[in-house]
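As structure tokens, the structure follows; a few thoughts come after it.
Read the numbers this way: they start at 1 and go in the same order the structure lists the ligands and their atoms. All figures in this text were calculated on a predicted structure; none of them were measured in a lab.
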Amino acid sequence: MKRKILSVLLTAAFVAATIAGCGGAAQQAADTAAQTADAAADTAAAAEEKVEETADAAADAAADTAATVEEAAEEVQEAAGGSGDVINVGFAQVGHESDWRTASTKSAQDVFSEANGYNLSFVDCDNDSAAQLEAVRGFIEQGVDYIIIDPIVSTGWDTVLTECDDAGIPVIVIDRTIDDSDKYVSWVGSDFLTEGKAAGEWLKAYAEKQGIKEINALIIQGTTGSSAQIGRTDGFSEIADREGWTILDKQTGDFTEEGGQQVMESYCKSYAGKFNVVVCENDNEAFGAMTAMDNAGVKYGPGNDVILISYDACTAGLKEVQAGKITADFECNPLAAPTVEGVIQTLQSGGTPEKQILVPDNWYALPDQIVDFSVDGNAQKMIEVTDEVIEAQY
Ligand code: AHR
């Protein structure tokens, strides 16, 4: 722009000089025109510099503002407990089959929230093992920072865990175990074998107290091949074998209320009048079994023909203990997520978390059903179900 103005003014001066000829007056006119051109060019240059300075100052101010906003955002995240970067977590959850599962999912969503500095990709695998492997591969593709798996079944994991390892993504296993691979950082969960043994040892002590000489048990198992099913079945069976009890049958109810009802309906037909113990491998199966027994006219619970044992001890299960329907309930704590967060924070700060972290469980009954017993030589303490206990449960 500056050069254009200058050239126009010089051309004007030259034209003025030419028109005026080469005499003194002409020279004077040309000089005057040239001076005017110079002055105009200087003014234009000054104006342009001013515009450039103003633009630079505005750009600097904008950059400063952006940096301040970014710093403020980082400070907010740091105040929320993070390093300033959002941590991306993928969670391949089993499904939504039970009250326990709902509590587990809620706990994870509460802990791995945006407010806590996390971005959680959650997949409900609907009890489908193939879908769960697919979910994990999806997390690898996404490039998440950590993968949490609650394995539907305990085998078939080595290939996909190797893929996670190759991608450099640490895997944390919760609740159920993986038994055919150790390519994960930590497992956080309950001891299912101990839960099964506790149920068996409690039954032995309670039956003795009640003067019950013979045990004829029916088991409604959890999802076949899940470590929760395997541990509870094995633990209870170990005590049953040792005590010479009869296990009339064991079939899966898939950890659902519907499954529990279906299996119990069939048991009520096949074993009418022949059983005095029903073991349900979770509360929801117990609710279904109760409906089936109600329909078949079978009386269960303390003081009745059939002892009903359950696992999980969620709020709804403990209410049935209080109502005198479930005789004893063996907890499986679903609140692993806060511990998993601890594992992730240890990894974030370059530490090495423990490979196995047990979440403690409690055993529940009403006062008349509380008896002394031991598991593997360790004395157990039962908790009396009260309104306060139910209120505090999940
Ligand atoms: O893996 C834990 C088990 O799975 C719980 O006992 C049951 O309720 C859930 O579905």
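- Using a 3.5 Å distance cut-off with no hydrogens or angles, the side chains of Ser121 and Gln142 do pair a donor with an acceptor.
- Looking only at side-chain heavy atoms (C-beta outward), Asp283 and Trp100 stay at 4.5 Å or farther from each other.
- Ion pairing between Glu208 and Lys204 holds under the 4.0 Å rule for side-chain N and carboxylate O.
- At a cut-off of 3.5 Å, with distance as the only test, no side-chain donor of Gln261 or Glu257 sits close to an acceptor on the other residue.
- For ligand 1, residues of the protein lying within 4.0 angstrom by heavy-atom distance are Glu97, Ser98, Trp100, Arg101, Asp175, Arg176, Ala228, Arg232, Phe255, Asn282, Asp312.
- In this model, a donor atom of one side chain and an acceptor atom of the other lie less than 3.5 Å apart for Gln322 and Asp387.
- If you check the side chains of Asp254 and Thr256, you find no donor sitting under 3.5 Å from an acceptor.
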